[in-house]
Amino acid sequence: MSCSMQVATPPSRLPPNSNYHNRESQQHRKQTISLLQKCRNVNQIAPIHANIIKNGLEQDHFIVFELLRVCSKCDAIDYALKIFRRTQEPNVYLYTALVDGLVLSGSYFHGINVYVQMTENFIVPDDFVINSVLKACGLELDLRMGKEIHAQALKLELCTNRQVKLKLIEFYGKCGEFEDMMRVFDGMPERDVVAITVMMSAYFDCGLIDRACDVFDLVKGKDTVCWTSMIDGLVRNGKMNKALEYFRQMQREGVRANEFTVVCVLSACAQLGSLELGKWIHSYVKKYDIEVNHFVGSALINMYSRCGSIEEAERVLEGVKEKEDSTYNSIIVGFALNGKSAEAVKMFQRMINEGIRPTNISFVGVLNACSHGGLVDVGFEIFHRMQIDYCIEPQVEHYGCIVDLLGRAGRVDEAHNFIQNMKVNPDHIIWGSLLSACKVHQNYELGERVAQILLNQGPCDTGTHILISNFYSSWGKWEDALQVRAKLKKNCVQKEPGCSLIEVNNEIHEFLLGDIRHPQKKEIYRKLEEMDQKVRLNGYCPQVDVVSQDIMDQEKEWALAIHSEKLATLRIVKNLRVCDDCHMMIKLVSKITRRKIVMRDRNRFHHFENGSCSCGDYW
DNA sequence: CTAGGGTTAG
């Protein structure tokens, strides 16, 4: 990023304005300012701006100040820059407003440059502008510049200011300079909750969970923001259960949650598949009148979708007043996840009808739905419209959806051709998708070539290795399958152990393969055996070929019988993908027991009912 | 005479 900002050289004198002091014009200025403050988008600003120019108020710093702020708020930073350039002798207020606006629009580097220009124009910085530029330095991770500004602030004796100290802590924390961060903190008179919150978040950014917890314990009188920051940090670092523990503790201590808090907690629920707690949070939102803004709305939709309650997700959608692209994206992805491809496409259409411009994420969601639902023509149509109507250059994810679309439909050679004509390099996910299609459609000749490409491409993730190994075993090539497994072991890439979760009475029960830890294990295994007998009477035969190791069939049956998802039924969350055998068995169990069973695996949802599954046996 | 900043940031 470069700094294209040029500050106009101001003329030596301002044009005299005879009306400047009369009462009428004072009133007019006040009116203009309050009009500006009410603007919600850039189209509303332009006519007011025209009026300002007509009335000769263009150089009025108070007016310009409001203009800059409202432009930033309306995401019109270019407009703000134009106005700033036309302003003669901008003062420190105007520079601050511009730096703030640039930071808000993500142009941190540019913001820092504007500050530098200000000092070059001999304008003395005050605490406010120091604050703004330190924010920019922290976000830009510009350690050198931030230190220089720290030095300037010391010289100007602005470092006694609490806000400046807080921003210094934030800046050093974001840059990972924890010693300097602590030094500033130690110079504060008391243990400031806000300062500790900032430090916690910096530690979490670096994955230093224990240090974050240590400073959290220092705080007396933790407020909502502090608790939220803690919960958010734990969620961001994958500690979902711990985050929920802290949320419960927060409730016990009588600290009220806000919009931020519920978004974080809902994200934890979504990732754990904890529907009961998720519902509880939803009722909390209603009870305490927490505004269902688009963040909260998306979080609720996401939680319900990922917990398999897509109908509830739809209900939430209708209740979101100001739907944004993210709101629609959440529900589209939710439909795709739950095997409702046609609904995903319909929702995508509705989004467009309601004047919301689909983003690249919307396209990933809807194309994913098309591939899972076998909607080949619709998928292609959307893929083309994305480029022509919306000028979105396809990313590797979009290409991946199309490869998947063709591959799943059995058109593996076309998919292969498509890969060779893409404008981007195929990644291991795209090749993996093709390999998976080759496996399902038993095109071993092409599959073998793809497997070789993947193996030669250098390191790839565990999932890909497992896929290659499974491809070889389904082909009966145990030797090759074992070799891939061996390579996986040698590279110290461990297969994540299969694990399934089920929530009963607000408690999360966890099952690993062949798990014997559960207190009710006797009853559970007895039931499992009973089920096993029943489904065998219904024609179930263990699909021993899904077990990749080349072991005796009898042993394989046992290995399958204890796959963890069979141990927990009804509403199951599994960390890996479900295997063919478990899928078959659960279908039958749903028929025999007449129960709906919902299972989420790593990729999608399976709604089992009366012997069939929403995925159409295709996942 | 009339202007600014909260700490989490999904």
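Proteins come first, then strands; the chains are lettered A, B, ... in the order of their sequence lines, and each starts at number 1.
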Asks: Residues in side chain to side chain contact (heavy atoms under 4.5 Å, CB included) with A:Arg144, at least two apart?
Replies: A:Asp142, A:Glu148
Asks: Counting heavy atoms from C-beta on, name the nucleotide in B:dC1, B:dA3, B:dG10 closest to the side chain of A:Phe260.
Replies: B:dG10
Asks: Residues in ring-ring contact (aromatic ring centres under 6.0 Å, His included) with A:Phe171, at least two apart?
Replies: none
Asks: Return the set of residues passing side chain to side chain contact (heavy atoms under 4.5 Å, CB included) with A:Phe178 (not counting sequence neighbours), or none when no residue passes.
Replies: A:Met181, A:Ala202, A:Tyr203, A:Cys206, A:Leu208, A:Arg211
Asks: Spell out yes or no: do the side chain of A:Asn91 and the base of B:dA3 have one donor N/O and one acceptor N/O closer than 3.5 Å?
Replies: yes
Asks: Can you tell me the distance, in whole Å, between the CG atom of A:Asp232 and the C1' atom of B:dT7?
Replies: 13 Å
Asks: Among residues 190-203 of chain A, which residues get a heavy atom nearer than 4.0 Å to DNA chain B?
Replies: A:Val194, A:Val198
Asks: Assess whether a salt bridge exists between A:Asp60 and A:Arg29, defined as any Lys/Arg side-chain N lying under 4.0 Å from an Asp/Glu carboxylate O.
Replies: yes
Asks: Could you tell me the separation between the CD atom of A:Glu324 and the P atom of B:dG10, rounded to a whole number of Å?
Replies: 14 Å
Asks: So what does A:Arg162 touch, heavy atoms closer than 4.0 Å: a base, only the sugar-phosphate, or nothing?
Replies: base
Asks: Between atom CE in A:Met181 and atom P in B:dT7, what is the gap in whole Å?
Replies: 16 Å
Asks: When we call it a touch if two heavy atoms are under 4.0 Å apart, what does A:Asn293 touch: a base, just sugar-phosphate, or nothing?
Replies: nothing
Asks: Using whole Å, what does the distance between atom P of nucleotide B:dG4 and atom CZ of A:Phe65 come to?
Replies: 5 Å
Asks: In whole Å, what is the span from the CD atom of A:Glu259 to the C1' atom of B:dT7?
Replies: 16 Å
Asks: Taking NZ, NE, NH1 and NH2 as the nitrogens, is one of them in A:Asp186 or A:Arg183 under 4.0 Å from a carboxylate oxygen of the other?
Replies: no
Asks: Near DNA chain B, under 4.0 Å by heavy atom, which residues of residues 310-322 of chain A?
Replies: none
Asks: B:dG4, B:dC1, B:dT8: which one has an atom nearest the side-chain heavy atoms of A:Val225?
Replies: B:dT8
Asks: Are any of A:Lys30's side-chain N or O atoms less than 4.0 Å away from OP1 or OP2 of B:dC1?
Replies: no
Asks: Could you tell me whether A:Lys242 and A:Glu245 make a salt bridge, using a distance below 4.0 angstrom between a side-chain N and a carboxylate O?
Replies: no
Asks: Ring centres of A:Trp227 and A:Phe247 under 6.0 Å apart?
Replies: no
Asks: Run the salt-bridge test on A:Arg236 and A:Asp205 with the 4.0 Å N-O cut-off and return the result as yes or no.
Replies: yes
Asks: Rounding to an integer number of Å, can you tell me how far A:Ile83 CD1 sits from B:dA3 P?
Replies: 20 Å
Asks: Only counting residues at least two apart or in another chain, list the ones meeting ring-ring contact (aromatic ring centres under 6.0 Å, His included) with A:Phe295.
Replies: none
Asks: Is A:Lys135 salt-bridged to A:Glu170, cutoff N-O under 4.0 Å?
Replies: yes
Asks: Tell me whether the OP1 or OP2 atom of B:dC1 has a side-chain N or O from A:Arg29 closer than 4.0 Å.
Replies: no
Asks: Look at the side chain of A:Val263 and decide which nucleotide, out of B:dG10, B:dA3, B:dT7, has an atom nearest to it.
Replies: B:dG10
Asks: Could a donor-acceptor pair under 3.5 angstrom be found where the side chain of A:Asp100 meets the base of B:dG4?
Replies: no
Asks: Measure CG/A:Leu234 against C1'/B:dA9 and give the value in whole Å, please.
Replies: 17 Å
Asks: With a 4.0 Å cut-off on heavy atoms, is A:Asn161 in touch with a base, just the backbone sugar-phosphate, or nothing at all?
Replies: base
Asks: Among the nucleotides B:dA9, B:dG10, B:dT2, which one has an atom lying closest to any side-chain atom of A:Phe62?
Replies: B:dT2
Asks: Atom CD1 of A:Ile169 and atom P of B:dT8: how far apart are they, to the nearest Å?
Replies: 11 Å
